[in-house]
Asker: 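I'd like to ask you about the structure that follows.
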Amino acid sequence: MKSHEAWLIKAQHDLLSANKLITGEEPVLDTAIYHTHQCAEKSLKAFLAFNNKPIIRTHDLIALVDICVELNQDFMELYELVEELNPYSIMFRYPAEVMEPDMSEALGGIQKAKQILDFVIEKMIN
């Protein structure tokens with residue numbers, strides 16, 4: 001299996017996890033929203049691997065998009081999405097005044113993560 005394929009599988013698993021965590025009688029929204037960030041991060045890293053670029057050790061989605069833009073200007077379209085998902089790498093992971101997002105925010109995060117994953121896959125196909 002190629003490196004970019006492994007990154008995509010992990011991204012897809014994060015998206016699947018987020019979707020599973022919001023269902024049922026006791027949804028786990030804080031963990032679900034974390035997985036939306038992870039899906040986006042791993043999707044962007046898949047694109048870098050696909051282009052034989054080093055995978056930097058960061059959780060900063062904006063920094064990752066900056067590198068992707070150097071390879072393909074179309075990635076500029078993702079800035080708004082990643083700006084919204086970027087805080088979820090740490091938000092809700094530790095005790096705080098607000099312990100978890102509401103369902104609407106979790107669903108929005110899932111939708112944004114899916115958009116990023118689909119965008120990356122499309123760019124790797126074309």
Side-chain angles (χ1 to χ4, degrees):
M1 174 181 305
K2 295 180 180 176
S3 177
H4 71 277
E5 294 169 334
W7 281 105
L8 281 178
I9 288 170
K10 287 296 190 178
Q12 291 166 334
H13 286 179
D14 278 312
L15 187 60
L16 181 62
S17 294
N19 276 301
K20 286 184 177 188
L21 286 165
I22 65 166
T23 61
E25 290 182 29
E26 295 183 40
V28 186
L29 302 180
D30 56 342
T31 307
I33 202 112
Y34 171 73
H35 282 288
T36 66
H37 174 280
Q38 289 295 292
C39 173
E41 179 183 328
K42 291 168 188 165
S43 298
L44 296 168
K45 289 179 177 181
F47 184 75
L48 296 177
F50 180 76
N51 285 282
N52 299 310
K53 295 294 180 189
I55 307 301
I56 62 171
R57 294 185 71 124
T58 186
H59 301 296
D60 185 349
L61 301 178
I62 296 167
L64 291 169
V65 170
D66 287 342
I67 299 167
C68 292
V69 164
E70 293 174 13
L71 299 167
N72 184 326
Q73 289 289 308
D74 292 347
F75 275 78
M76 291 183 75
E77 297 174 31
L78 297 184
Y79 278 116
E80 187 175 325
L81 294 172
V82 299
E83 285 172 358
E84 292 182 39
L85 291 179
N86 216 26
Y88 299 144
S89 68
I90 57 170
M91 188 184 293
F92 306 118
R93 287 184 63 198
Y94 304 102
E97 187 175 324
V98 178
M99 294 291 285
E100 68 178 23
D102 60 25
M103 182 61 81
S104 174
E105 188 174 5
L107 289 169
I110 289 170
Q111 186 260 341
K112 289 171 183 71
K114 183 176 183 336
Q115 279 182 265
I116 293 168
L117 175 61
D118 291 346
F119 180 93
V120 167
I121 290 170
E122 178 65 28
K123 294 303 172 189
M124 288 173 27
I125 292 171
N126 291 328

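Bear in mind that the values here come from a model prediction, so they are computed numbers and not experimental data. Heavy-atom basis, side chains included; hydrogens, waters and symmetry copies ignored.
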Asker: State which residues pass side chain to side chain donor-acceptor pair (under 3.5 Å) with Asn51; sequence neighbours excluded, sorted by chain then number.
Answerer: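 With neighbours one apart ignored, the set is empty.
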
Asker: With Asp60, which residues qualify under salt bridge (Lys or Arg N to Asp or Glu O under 4.0 Å), at least two apart?
Answerer: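 By the salt bridge (Lys or Arg N to Asp or Glu O under 4.0 Å) rule, Asp60 matches no residue at all.
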
Asker: Are any of the side-chain heavy atoms of Leu64 and Phe47 separated by less than 4.5 Å?
Answerer: no

Asker: Side-chain polar contacts of residues 14-28 - donor-acceptor pairs under 3.5 angstrom, sequence neighbours left out - could you list them?
Answerer:
{"unit_1": "Asp14", "atom_1": "OD1", "unit_2": "His35", "atom_2": "ND1", "d": "2.7"}
{"unit_1": "Asp14", "atom_1": "OD2", "unit_2": "Lys42", "atom_2": "NZ", "d": "2.7"}
{"unit_1": "Ser17", "atom_1": "OG", "unit_2": "His13", "atom_2": "O", "d": "2.9"}
{"unit_1": "Asn19", "atom_1": "ND2", "unit_2": "Leu15", "atom_2": "O", "d": "3.2"}
{"unit_1": "Thr23", "atom_1": "OG1", "unit_2": "Lys20", "atom_2": "O", "d": "2.8"}

Asker: Please list, chain by chain and in numerical order, all residues satisfying side chain to side chain contact (heavy atoms under 4.5 Å, CB included) with Ile90, sequence neighbours excluded.
Answerer: none

Asker: Please list every donor-acceptor pair under 3.5 Å in which a side-chain atom of residues 93-100 meets a protein atom from a residue at least two apart or in another chain.
Answerer:
{"unit_1": "Arg93", "atom_1": "NH1", "unit_2": "Ser89", "atom_2": "O", "d": "2.9"}

Asker: Could you tell me whether the side chain of Val65 reaches within less than 4.5 Å of the side chain of Ile62, counting heavy atoms only?
Answerer: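 With C-beta onward as the side chain, the pair stays apart.
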
Asker: Within the 4.5 Å heavy-atom criterion, are Leu61 and Ile116 side-chain neighbours or not?
Answerer: no

Asker: Side-chain polar contacts of residues 119-126 - donor-acceptor pairs under 3.5 angstrom, sequence neighbours left out - could you list them?
Answerer:
{"unit_1": "Glu122", "atom_1": "OE2", "unit_2": "Asn126", "atom_2": "ND2", "d": "2.3"}
{"unit_1": "Lys123", "atom_1": "NZ", "unit_2": "Asp74", "atom_2": "OD2", "d": "2.7"}

Asker: Please name all residues satisfying side chain to side chain donor-acceptor pair (under 3.5 Å) with Lys114, sequence neighbours left out, ordered by chain then number.
Answerer: Asp118

Asker: Hey, could you give me the OG1/CD distance between Thr36 and Gln38, rounded to the nearest 0.5 Å?
Answerer: 9.0 Å

Asker: Can you see which heavy atom on Ala40 is nearest to which on Leu85, and at what distance?
Answerer: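 Answer, listing the atom of Ala40 first, then Leu85: CB-CD1, 3.9 Å.
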
Asker: What heavy-atom pair brings Ala11 and Leu117 nearest, and what distance separates the two atoms?
Answerer: CB-CD1, 4.0 Å

Asker: Could you tell me if the side chain of Leu48 sits less than 4.5 Å from the side chain of Pro54, heavy atoms only?
Answerer: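 Heavy-atom side-chain distance check fails, nothing below 4.5 Å.
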
Asker: Check for me, please, whether Tyr34 and Val82 land in the same ILVMFWY cluster - side-chain distances under 4.5 Å, paths through other members count.
Answerer: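 Cluster IDs for Tyr34 and Val82 differ.
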
Asker: Only counting residues at least two apart or in another chain, list the ones meeting ring pair (Phe, Tyr, Trp, His ring centres under 6.0 Å) with Phe50.
Answerer: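 Phe50 satisfies ring pair (Phe, Tyr, Trp, His ring centres under 6.0 Å) with His4 once adjacent residues are dropped.
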
Asker: Is there a donor-acceptor pair under 3.5 Å between the side chain of His37 and the backbone N or O of His59?
Answerer: yes

Asker: Counting only pairs under 3.5 Å, give me each side-chain donor-acceptor contact of residues 103-112, with atom names and distances, residues two or more places apart or in other chains.
Answerer:
{"unit_1": "Glu105", "atom_1": "OE2", "unit_2": "Tyr88", "atom_2": "OH", "d": "2.6"}
{"unit_1": "Gln111", "atom_1": "NE2", "unit_2": "Gln115", "atom_2": "OE1", "d": "2.6"}
{"unit_1": "Lys112", "atom_1": "NZ", "unit_2": "Glu84", "atom_2": "OE1", "d": "3.2"}

Asker: Just verifying a value: how many Å separate Glu80 CD and Met76 CE, rounded to the nearest 0.5 Å?
Answerer: 13.0 Å

Asker: Give me each pair satisfying ring-ring contact (aromatic ring centres under 6.0 Å, His included) with a member in residues 97-116, each pair once, sequence neighbours excluded.
Answerer: none

Asker: Strictly by salt bridge (charged side-chain N to carboxylate O under 4.0 Å, His left out), give each pair with a member in residues 47-58 just once, sequence neighbours left out.
Answerer: none

Asker: Check step by step if side chain to side chain contact (heavy atoms under 4.5 Å, CB included) holds for Leu44 and Phe75.
Answerer: CA-CA 10 Å; Leu44 296 168; Phe75 275 78; 4.0 Å; yes

